[in-house]
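Here is the structure we will look at, set down as structure tokens.
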Amino acid sequence: MPRPLDPLPTARLNTRFGDASAETILAVALDRFDGEIAMVSSFGADSAVLLHMLAALDPSVPVLMLDTLMLFPETIAYQRDLSAHLGLTDVRRISPDTGAIEQADPNGDLNSRDSIACCDLRKVVPLRNALAPFTASISGRKRFQTGQRAAMRAFEVDTDGLIKVNPLAAWTPADIAAYLDRHALPRHPLVAKGYPSIGCAPCTTPVAEGEDSRSGRWRAETREECGIHITPDGRIERKAG
Ligand code: SF4
């Protein structure tokens, strides 16, 4: 059943809780959308922060991990180990349809020919399908990450009517590092190898000292996003090169 496109609930939630702590925003979202909400996590460099908060509030909330079948093996291992460490009980690995992959990317090289199409095939469509049963989703996006995220609110609604909750919108890199240290959370093994932002293996490179943390993503292109985030006014958050 299509979700109603009603931005008013997010406006009210932003007015009341937009400047609250991440833990409060998350708790409000879990209460407001009880049984209809899932967290989307890449199990990347910063993911342990929000997953840790979720585990403290309700470890049974579904966590959707998008496995594009192009991830680093370290990410798959980290997902398994971190989920067990935190006691998360409903982590769902979402993969693209094998028939669609065979048809559109049989050799696994679409990323080098048309990365936008590859992200649509391996990320956008599978995640949209996986989120269809839910009213709201939780993401770990932060305003500092890209210019496109600078105006992001704690509560948003996309063109499908899906409520998007961003508890860490106002967080800085220092906030994240402090939280990870304070709670002694396991780090993604590639962070120590120079990957501060981790996506698919073909499209992620290490970052040199002094570079922006996301400069290792789609390094050969000018875009910042994979297309899985849709802004409240309906624009897909990505820059085609
Ligand atoms: S990040 Fe790269 S490999 Fe992953 S889906 Fe997008 S283009 Fe394909």
Side-chain angles (χ1 to χ4, degrees), residues 38-48 50-51 63-80 82 91-132 137 139-142 144-149 152 158-160 162 164 166 188-191 193-208 211-231 235-241:
M39 181 171 286
V40 178
S41 179
S42 65
F43 284 82
D46 302 337
S47 299
L50 208 46
L51 291 167
V63 176
L64 309 184
M65 186 234 197
L66 191 53
D67 179 0
T68 62
L69 309 179
M70 289 285 183
L71 298 178
F72 290 97
E74 289 90 340
T75 300
I76 301 297
Y78 184 60
Q79 177 263 302
R80 189 182 57 238
L82 184 62
V91 178
R92 307 176 188 181
R93 203 182 294 171
I94 309 301
S95 295
D97 177 69
T98 51
I101 293 286
E102 279 171 22
Q103 187 171 22
D105 192 15
N107 300 316
D109 60 356
L110 184 59
N111 64 84
S112 64
R113 293 181 282 111
D114 186 344
S115 66
I116 299 287
C118 186
C119 279
D120 282 344
L121 174 71
R122 295 177 181 273
K123 292 184 173 182
V124 178
V125 173
L127 187 61
R128 184 180 294 145
N129 290 340
L131 285 170
S137 71
S139 93
R141 295 180 302 156
K142 278 79 69 177
F144 77 81
Q145 287 175 315
T146 70
Q148 295 164 339
R149 297 182 183 179
M152 184 172 60
D158 70 18
T159 49
D160 292 333
L162 179 72
K164 299 184 79 168
N166 309 303
H188 191 299
L190 290 180
V191 171
K193 295 182 179 177
Y195 294 81
S197 179
I198 301 154
C200 294
C203 302
T204 309
T205 61
V207 167
E211 281 190 301
D212 179 85
S213 65
R214 285 179 66 86
S215 60
R217 306 286 294 277
W218 302 286
R219 190 178 280 279
E221 304 178 39
T222 57
R223 69 188 176 125
E224 299 171 336
E225 301 281 359
C226 59
I228 60 174
H229 300 297
I230 300 173
T231 62
R235 288 177 293 111
I236 293 177
E237 271 192 348
R238 67 185 177 199
K239 279 195 299 185

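Values in this document were obtained by computation on a predicted structure and should not be read as measured data. Order of appearance sets the numbers: ligands from 1, and atoms from 1 within every ligand.
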Proximity winner for atom 6 (Fe) of ligand 1, if only heavy atoms of C119, P202, A201 are counted: C119
For a quick test of reading the model, state the closest non-hydrogen atom pair linking R122 to L66 and the distance between them. O-CD1, 3.9 Å
Candidate with minimal heavy-atom separation from atom 8 (Fe) of ligand 1, of C118, C203, S112, G199: C118
Please find out if atom 6 (Fe) of ligand 1 and some N, O or S atom of C200 are separated by less than 2.8 Å. no
Quick check against the 3.5 Å criterion: does K164 have a side-chain atom that pairs as donor or acceptor with the backbone of L162? no
What heavy-atom pair brings N111 and S115 nearest, and what distance separates the two atoms? O-CB, 3.5 Å
If I compare all heavy atoms of C200 with all of K123, which pair ends up nearest, and what's the gap? SG-CE, 4.1 Å
